[in-house]
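Here is the structure we will look at, set down as C-alpha cells.
Numbers for residues simply follow the sequence, beginning at 1. Any value given below was found using the heavy atoms of this structure, including those in side chains, with hydrogens, waters and symmetry copies removed. When a ligand or atom number is given, it counts from 1 through the structure's own listing order.
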Amino acid sequence: MAKGKKTLTRNFGQPVDNDQKLMTAGSPGPVLIQNIHFFEKLAHFNRERIPERVVHAKGAGAHGYFEVTHDLTKYTKAKFLSKVGKRTEVFARFSTVGGEKGSADSARDPRGFAVKFYTEEGNWDMVGNNTPVFFIRDPIKFPDFIHTQKRNPRTNAKDPDMFWDFLSLTPESIHQVTILFSDRGTPKSYRHMNGYSGHALMWYNDKEEYVWVKFHFKTAQGIQNFTNQEAELMAGKDPDHATGDLFDAIERGDGPAWNVQVQIMTPEQAKTYRFNPFDVTKVLPHGDFPVMPLGRMVLNRNPENYFAEVEQAAFSPGNFVPGMAASPDKMLQGRIFAYHDAHRYRLGPNYHLLPINAPKASAMNNYQRDGFMRVDGNSGGGPNYNPNSFGGPVPDPNVAEPPFEVSGMAARHPEALTDDDFVQAGDLYRKVMTDEDRDHLIGNIVGHLGNAQKYIQLRQTALFGKADEDYGRRVATGIGLDVKEVQGLAEMTQEDRIKATEK
Ligand code: NDP
C-alpha cells in the first residue's frame, strides 16, 4: 500500500486488490461473474442520477450566515431574530427555472433565490425568486404554465407559440412578463440580483399579535444585468458562468452579501387595502409599506461536494419556525404542499435526514419511523406512538400561531380586481424604468414574441397596450403589427379579445 494513502475498499469496507483490470478466464477471455468490485462499481454508476427537479434544475449554492442588524422583536418571537448581532448559519441556492440541469445560466428566466436558515427552533426556508411577483396567482395553473416554458411535446424544442399562447390567455402574468423581459430577466450573476419572498408571510409575537411581512434581500454588490446580446453570447461561451462566478468569488474571499429588509402590513391594513395583498402577481407599493432594515446575509463558504450539498438541498416554503407562519396567499398554500412532495419523490421520504437538510442548531424528535434510506438510528428503542408513558417528545402549546379570522363561502371565487392586473406593469414601465430600460424591454420582447404566430402576437401585444399605450404601440411597431388593430384589441374584454384572435 502506498504510504499515507487509504486503501481502496468496496462499499462494505473490504479492501480492493485491483481497480484497473478485470479477472477473466484466460486471455483475452470472458469476464468472470466473481468480479464483485466491478459489478458493484458499475451498478452504482448506473444509479448515480436522481430525478432532476422539474423546475429550478440548474443551480449553484453556498454556505454563510445571517446577522440581525435591527430589532424587530415587537413583531416576531422567532428566536433567530431575537437580538441585534445574533448570527444564524444559512445555506443559499440560486437557480434558473425552466432549463434542464445542463442549461445555460444566462437564460432569460426568473432566478430562484432559496435560503435555509438553520435556527435553534428548526429550519426556516425562504424560498423566493429574484422578482417580487409571479406569473399566476392560483397554483392550479402551475403545471400548465411550466409546460409552456419547457419543450414542445412533438418537436422537443422550446416553442414561442406555447410560451406566448399561455401568457396571452393568462393576463395576470403581465407584471412578471414585464420584469422578465427587462434586463432583470438576465442577471449578470447570482451575486448581482435581489431576492424576494414574493408572498406575504405571517410574523407573530408572544402576545398573540400578528402582522404580514414580505422579505426583500437587496444585493450589496448592486444590481447588474446582461443585455440580451450579452446573455446570448455568454450562453455559448460559458453556460455555467454564474455557477463559476459565485464559486470563484467565495474562493477568493469576496463572498457576496445581501441587506435583508421587510415590509410590514397590519391585519387591519390588509383587510381594507385597495387590492388583495395576498395576490402574488402584485407588489406592496413602497409608498404604502416602506421597507425596514432587518439584517444582512453573507455567503462565505463553498460546498465541498456539489451533489451532497447543492443537488440534495431541499427547500420548502412550508418550513416555518415559531414566530412565523403562512398567509392566505393561494400560491403559497399550493407550494406548501408541492415542495415537500417534490422532495419526497426526488430524494425519498427521509430526505430531511440528509446533512444539508437536517436541522443543525436544533434536533428532530418525533414519531415518524422507517421508510427508504432511514439512515439515522430510526429513534432507537424509544416509543413510536403518541401519547405515551415512556418519556417520548410532547408538543409545546407555546409555539402555536395566533388564531386569525377567516370566513366565506366555499366556492371558486373570481378575483376582486380593484387594481386590475395592468396597473403595476404600467407603473413599472412608465415610472420606474429608464428610457434605456424601456428600449431593451421592447427589443427583448420583439425578438422573442416575433417568433410566435400572428394571432398570438396580436393577443399578447394588446395586453402590453393595456398596461401602457406606448408599451403596446412600440411592441406592435417592432413586430410589424397594425397598431390600430392592437389598440382595438386592448380595449376589449379578455373574453372578446380571445374570440377576436381565434386561430
Ligand atoms: P417605487 O418607485 O417605490 O419602487 C420601485 C422599485 O422598483 C425600486 O425600488 C426597485 O426595487 C425596483 N426597480 C427599479 N428598477 C427596476 C427595473 N428596471 N425592473 C424592475 N424593478 C425595478 O415604486 P412602487 O413600490 O410603487 O413599485 C412600482 C413598481 O416597481 C411596481 O409595480 C413593481 O413593478 C416594481 N417593484 C416594486 C417593488 C416593491 O416591493 N414595491 C420591488 C421591485 C420592483 P428593488 O430595490 O427591489 O430593486
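- Taking the ring axis of Phe91 as reference, the NZ or CZ atom of Lys116 does not stay both within 45° of it and closer than 6.0 Å to the ring centre.
- Residue Phe94 is tested with Phe217, Trp258, Phe315, Phe247 for a ring-ring contact (aromatic ring centres under 6.0 Å, His included); the sole match is Trp258.
- Classification of the Phe80-Trp124 ring pair by plane angle, with boundaries at 30° and 60°, yields tilted.
- The closest side-chain heavy-atom distance from Lys79 to Pro322 is not below 4.5 Å.
- Side chains of Tyr75 and Met292 form a contact here, defined as non-hydrogen atoms less than 4.5 Å apart.
- Phe181 carries Arg108 over the face of its six-membered ring, with the cationic atom under 6.0 Å from the centre and within 45° of the normal.
- Around ligand 1, the residues contributing at least one heavy atom under 4.0 Å from the ligand are Pro132, His175, Arg184, Asn194, Tyr196, His216, Lys218, Gln263, Val283, Leu284, Pro285, His286, Gln424, Leu428, Val432, Asp437.
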